[in-house]
Every structure is written in C-alpha cells, then in structure tokens.
**Student:** 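Take a look at the following structure, please.
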Amino acid sequence: MDADAVVVGSGPNGLVAAVTLARAGRRVLLLEAADRFGGGLRSGELTLPGRVHDFGATVMAMALASPAFRGLELKGVEFVHPPVPAAHPLDGRPAVLVHRDPVRTAAGLGRDARAWLATVGATARAGLPLVELLLKPLGPWGGVPPAAFAAAAGFGAAALLPATTFARRAFRTTEARAVIAGMAAHSVLDLRSPVSAGYGLLLASLAHLVGWPLVRGGSQVLADALVAELRALGGEAVTGHRVRRLAEVRAPVVVLDVTPRQLLAMADLPSAYRRRLERYRYGPGVFKLDWALDGPVPWRDPAVAGAGTVHLGGTLEEIALSEAETSRGRVSPRPYVLVVQPYAADPTRGGHTLWAYCHVPNGSRADLTGAVEAQIERYAPGFRERVLARHAMGPAELEAFDPNLVGGDISGGLSSLAQFLRRPVWSPAPWRTPLPGVFLCSAATPPGGGAHGMGGWQAARLALRP
Ligand SMILES: Cc1cc2nc3c(=O)[nH]c(=O)nc-3n(C[C@H](O)[C@H](O)[C@H](O)COP(=O)(O)OP(=O)(O)OC[C@H]3O[C@@H](n4cnc5c(N)ncnc54)[C@H](O)[C@@H]3O)c2cc1C
C-alpha cells in the first residue's frame, strides 16, 4: 500500500491516531509487532481454555470520559458497569464503597461525608468539560466552557498536593483517607510526591461521573472495533510486523506509538532532542497475576463482591509506606494491591476470572505471587482454595508482551509533576519530533497513561495540520 500515513503500534493511542487520520481521508497503514492488535487493550486465554483475561487495561473510565473515544462512536462496543465501581476493604470494619452516586458514597464516610462531597464530589460536579481539560492540558481548548477553567483552577490547588497531605487535610476518618490513598496509588508515585492527590481525585470523581465500566467480552473488543473501523475507511492493518528502524517506514506522516527509549533505538535523532529523550524517566513496574477461579472471591465483607475494582493494602499510612518503598527501589513485603474482578459486571468471560497487580521497582525480578495472594487472603480468607489456575507476569514478561512497558512501567514513564510538564520533552506540542512528519503518540506523551487515546488524537491532529 502506498500510504499517506504509517502508524507504528496499535495500543489505544496508535489505534485512535490511525482512525483519526483515516477519517480525515488519509490512506493509513498500521503496523503492529505483536500477533494481535490492541497493546494494553489485548485480551486472551491466559489460564484455562475458554477463560478471557485482559492482559492490560480493563477499567474503561478514561475511555468513556475521553473526547478522543467519545468522538469515534464505535459500533459493537458495549460498556458494562459493575454494581459498585470500587471498594476498599479495611481490617475489622466494613469496606468502604465508592458508588456511582456521590451522596451514597459520602453516606458511608461518616464524619467525612461533607468533605467527600466538597472535594471528590465537586470535581465530579464540574463534569466532563473539566475532565476534557485535564486530558488535553495543552489544548486545543475550543469548545471548552469558561466554567471548566475556573473548576480546573480549584481542582489544581488540591491536585498539586501529595496524596498524603491532601488526605490528612481534607479528611478525618480512616475510611476516607484510605480510599483516597487507594485511588492516588494508581499514579504509581510515592504518595508523598506532588500531584499524586490529583490522580486520586480525578479517578475517584470519574467513578461518580461516568462510572468505572468494562467492555463486555474483554477489552480486545474495543481494539478490534477500532481496527474494523480503520479497515472500513480503507486503511490496512498488519500484525507481526515489528519496526526496528524508522528508515524502514516511508510515508509523509509516521506516527509512533512507542516510548522514548524505543525511539532512541529506532532513529538517528538531532543530538539536542536525543539528550532530552535520554533524560526521560520510567517509573516503577508492576507484578501482575491472573487467576481462573471456581467461584467468586470469598470477601469477608460481602459488599465487596459487587465492586469492579478493589484496592487492598489497608490504611493511608500502610499504602503510603508500600508505595514509598517501591519508589525507593525496594520490594514491599505488604504491597498495595489493585484487584479487578470483571465477573462483577461481565458474565461473558468464561467464568470467574480475576486479575491483580502490585507495584515493584522498575525491572524487578522478584516473585510477588505470595505477597499479593496474602493481601487478598487478608480480606478474603479461603481465596487460595478457589484458584484453579494462575498466570504471573513480572516486569520482564510484561515488556516481552509489549515493548512499551519498559521495566514493567505500565504508564509509559514516571507520572511525576516534572514529567507531566515534560512528556517526553517540554514543548507546546510534545507529540511532534524534530524529524519532519514524525510524531509520537504513546502514553509517554500528554496526558500520560490510561486507555484514553488522547495521545493518538493529538498526534493525528498535528499531523493533519496543513
Ligand atoms: C496490567 C495493566 C493494567 C492496566 N489497567 C488499566 C486500566 O484498567 N485502565 C486504564 O485506563 N489503563 C490501564 N492500563 C494502562 C493502559 O493499558 C496503557 O496506558 C495504554 O494501553 C497505553 O496505550 P499506548 O497506545 O500508549 O501503548 P500500548 O497500549 O502499550 O501499545 C503499544 C503497542 O505498540 C506496539 N509496538 C511497540 N513498538 C513497536 C514497534 N517497534 N513496531 C511495531 N509495533 C510496536 C506494541 O506491541 C503495542 O501493541 C493498564 C496497563 C497494564 C499493563
């Protein structure tokens, strides 16, 4: 195919870039190294025949809130909601539940009910325009109502704080502080670092605003729908094609769904840009487990059964300690564990499948199976007896599965304040590289990690500019 544009890599960002370019009339060729499209959206059998596991992303709050995906109106993709977006079990007391309804959530937080509504609730009330602004912090801002900028200023004051500071200032109860810690830990940051509160606030407010849904049948369905759309627009999509050198790809526009380390290996870059990319930092990795179970997890608090996502690790102090250890390069013996139980929302995955991960130092070779399962047993005694089969992936296996997961980093690079502003370089258009017609679109560009497709949308938008 004589392509106008070649997209390298088919994660959500590459797929959105490819479809956006094709919708603008470009002849697009999409090249994917793996044997399936989707990157972090892939699903497949990891444990037993017939069991559908998401290799990466399951929770589609970002996709649902993202202007990049909302604009695509894909056919055949059904978002299904668990009864409860997220739960946070605690020792010796009822689990905290984050419901779609902020008032119902607040009612479970006792003395912190009003504080929840004034912080997380207020962020959710600011609505999708605020989320849109946060997902495209560098613009374009056409169509964003002025009220969203005022809301962003209010959000920013709290969001810039470390999660530990924010949680202690805003809340008095163990429950509310723990919930914010569990949310903020998605950032994979030391919770004493700036902006970690922002991730917690945004994710918790998305539970109220759009919910934390899953794709019925697995996230692969979303990736396949994007590929089908590309092909319907005349584009070509190829798996099993790893681009090793940029020179192999010839087209007026090349959009790369890769992170800086890969770009450095692929291309001869001007030395100033090369040095800037060499300074780009990756964050901690993850150790992920997938299980086939013979029934639901036997949570001590039965209310947790309805939650799509469960945050384990106890109090703010415990979770902050575990994340601080990881950031210092040490393996935490009692890690914060993020559990996803797709069966709470989607009965079509061949039975009770479950996944969980904990954070580990970048590139760690430690086997955290015992530590992760111990955290689940802590809140669900008898869990191990439900396990029919398990599959583990540490940083090395994750990177082999997707080269963008450098050292097991699932966010495409550290999500620090510095790298929020410099992702991967400080520029009003960081998707543009100094090579003519070559753009970056991965999670190593704004707004960072997550299945939102915004990097792809931004890169395609720039590439389409006359
Ligand atoms: C275990 C795990 C759980 C997660 N959970 C969630 C979640 O619940 N919700 C959420 O929003 N996000 C989640 N994420 C994060 C999310 O999946 C990523 O942020 C997102 O997929 C990044 O998209 P991307 O397009 O930048 O890159 P990726 O999805 O990583 O895709 C990059 C693609 O490019 C291909 N590629 C790379 N180099 C080349 C090359 N040289 N030639 C050809 N192809 C190449 C790769 O094979 C891959 O398919 C999770 C990630 C992981 C790993």
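Order of listing sets the numbers, starting from 1, for every ligand and every atom in it.
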**Student:** Centroid separation under 6.0 Å, is that true for the rings of His352 and Tyr343?
**Tutor:** yes
**Student:** Only heavy atoms of Ser442, strictly under 4.0 Å: list the atoms of ligand 1 that pass.
**Tutor:**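 Answer for ligand 1: 26 (O).
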**Student:** Give the atom numbers and elements of ligand 1 that come within less than 4.0 Å of a heavy atom of Ala451.
**Tutor:**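 Heavy-atom distances to Ala451 below 4.0 Å select 10 (C), 11 (O), 12 (N).
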**Student:** If you define the side chain from C-beta out and look only at heavy atoms, does anything of Leu388 sit under 4.5 Å from Trp291?
**Tutor:** no
**Student:** Looking at ligand 1, does any of its N/O atoms fall within less than 3.5 Å of an N/O of Lys288?
**Tutor:** no
**Student:** Could you list the atoms of ligand 1 found under 4.0 angstrom from a heavy atom of Gln262?
**Tutor:** 37 (C), 38 (N)
**Student:** Considering only non-hydrogen protein atoms, determine which one is nearest to atom 8 (O) of ligand 1 and report residue, atom name and distance to 0.1 Å.
**Tutor:**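 Checking every protein heavy atom, the shortest distance to atom 8 (O) of ligand 1 gives Val59 N, 3.0 Å.
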**Student:** Between Arg245 and Asp268, does at least one N-O distance fall below 4.0 Å, as a salt bridge requires?
**Tutor:** yes
**Student:** In terms of ring plane angle, is the pair Tyr336 and His311 parallel, tilted or perpendicular, where the classes change at 30° and 60°?
**Tutor:**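 Tilted, since the angle between the ring planes falls between 30° and 60°.
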**Student:** Of all the atoms in ligand 1, which lie at a distance below 4.0 Å from a heavy atom belonging to Ala443?
**Tutor:** 26 (O)
**Student:** Does an N or O anywhere in Gly450 fall below 3.5 Å from an N or O of ligand 1?
**Tutor:** yes
**Student:** Any idea which atoms of ligand 1 are less than 4.0 Å away from a heavy-atom of Val8?
**Tutor:**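 By the 4.0 Å cutoff, the relevant atoms are 40 (C), 42 (N), 43 (C).
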**Student:** Closer than 4.0 Å to some heavy atom of Leu31 - which atoms of ligand 1 meet that?
**Tutor:**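 The list of qualifying atoms is 43 (C), 44 (N).
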**Student:** Short N/O distance, under 3.5 Å, between Asp257 and ligand 1?
**Tutor:**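 Such a contact does occur with ligand 1.
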**Student:** Compute the centroid of each ring, for Tyr357 and then for Phe287, and state whether the two points are separated by less than 6.0 Å.
**Tutor:** no
**Student:** Taking Asp257 as the fixed residue, which of Leu30, Asn404, Val16 is the one that meets the side chain to side chain contact (heavy atoms under 4.5 Å, CB included) rule?
**Tutor:** Asn404
**Student:** So which protein heavy atom does atom 34 (O) of ligand 1 come closest to, and at what separation?
**Tutor:** Gly9 CA, 3.2 Å
**Student:** Considering both backbone and side-chain atoms of Arg242, is one of its nitrogen or oxygen atoms within less than 3.5 Å of a nitrogen or oxygen in ligand 1?
**Tutor:**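 No; the residue has no nitrogen or oxygen that sits under 3.5 Å from a nitrogen or oxygen of the ligand.
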**Student:** For Val258, counting its heavy atoms only, list the atoms of ligand 1 lying under 4.0 Å from any of them.
**Tutor:**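 Heavy-atom distances to Val258 below 4.0 Å select 38 (N).
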**Student:** Is the distance from the ring center of His99 to that of His208 below 6.0 Å?
**Tutor:** no
**Student:** Do Arg231 and Glu236 sit within salt-bridge range, that is, some charged N less than 4.0 Å from a carboxylate O?
**Tutor:** no
**Student:** Less than 4.5 Å apart, side chain to side chain, heavy atoms only: is that true for Pro140 and Arg461?
**Tutor:** yes
**Student:** Looking at ligand 1, does Met60 have a heavy atom less than 4.0 Å from it?
**Tutor:** no
**Student:** Name all residues meeting the side-chain hydrogen bond (donor to acceptor under 3.5 Å, both in side chains) criterion together with Thr433; count only those two or more places apart in sequence or in a different chain, and write none if there are none.
**Tutor:**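 If we apply the side-chain hydrogen bond (donor to acceptor under 3.5 Å, both in side chains) test to Thr433, skipping adjacent residues, there are no hits.
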**Student:** Under the 3.5 angstrom rule, does the side chain of Arg423 hit a backbone N or O of Ala443 as a donor-acceptor pair?
**Tutor:**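 A pair under 3.5 Å: yes.
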**Student:** Any non-hydrogen atom of Phe55 lying under 4.0 Å from ligand 1?
**Tutor:**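 Yes, that is the case, since the closest heavy atom of the residue is under 4.0 Å from the ligand.
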**Student:** Apply the side chain to side chain contact (heavy atoms under 4.5 Å, CB included) test between Glu229 and each candidate in Leu15, Leu72, Leu74; give the one that qualifies.
**Tutor:** Leu74
**Student:** If the test is side chain to side chain contact (heavy atoms under 4.5 Å, CB included), which one of Thr348, Val52, Leu214 qualifies with Pro342?
**Tutor:**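 Looking at Thr348, Val52, Leu214, the match for Pro342 under the side chain to side chain contact (heavy atoms under 4.5 Å, CB included) is Leu214.
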**Student:** So which heavy atom in the protein is nearest atom 29 (O) of ligand 1, and how far is it from that ligand atom?
**Tutor:** Gly40 N, 2.8 Å
**Student:** Starting from atom 44 (N) of ligand 1, find the nearest protein heavy-atom neighbour and note its residue, name and distance.
**Tutor:** Ala33 N, 3.1 Å
**Student:** Name the closest protein heavy atom to atom 42 (N) of ligand 1, giving the residue it belongs to and the distance to 0.1 Å.
**Tutor:**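 Here the closest protein heavy atom is Val243 N, 3.0 Å.
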**Student:** May I ask whether Val286 has any heavy atom positioned less than 4.0 angstrom from an atom of ligand 1?
**Tutor:** no
**Student:** Indicate, as side chain, backbone, both or neither, the part of Leu15 found under 4.0 angstrom from ligand 1 when only non-hydrogen atoms are considered.
**Tutor:**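 No part of Leu15 comes within reach of ligand 1.
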**Student:** How far is atom 47 (O) of ligand 1 from its nearest protein heavy atom, and which residue and atom name does that atom have?
**Tutor:** Glu32 OE2, 2.6 Å
**Student:** Taking the side chain as every heavy atom from C-beta outward, state whether Thr105 and Leu97 have any pair of such atoms under 4.5 Å apart.
**Tutor:**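 Result no, sub-4.5 Å side-chain heavy-atom pair not found.
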**Student:** One residue to check: Asn13. Relative to ligand 1, which of side chain, backbone, both or neither has a non-hydrogen atom less than 4.0 Å away?
**Tutor:** both
**Student:** What are the atoms of ligand 1, with element, lying closer than 4.0 Å to any heavy atom of Gly449?
**Tutor:**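 Close to Gly449: 19 (O).
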**Student:** Just go through Ala57, Gly285, Gly412, Gly455 and tell me whose heavy atom is the nearest to atom 14 (N) of ligand 1.
**Tutor:** Ala57
**Student:** Of all the non-hydrogen atoms in the protein, which one sits nearest to atom 2 (C) of ligand 1, and at what distance?
**Tutor:** Gly56 CA, 3.4 Å
**Student:** Does His452 have its ring centroid less than 6.0 Å away from the ring centroid of Phe69?
**Tutor:**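 Centroid distance His452-Phe69: not below 6.0 Å, so no.
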**Student:** Starting from atom 53 (C) of ligand 1, find the nearest protein heavy-atom neighbour and note its residue, name and distance.
**Tutor:** Ile410 CG2, 3.3 Å
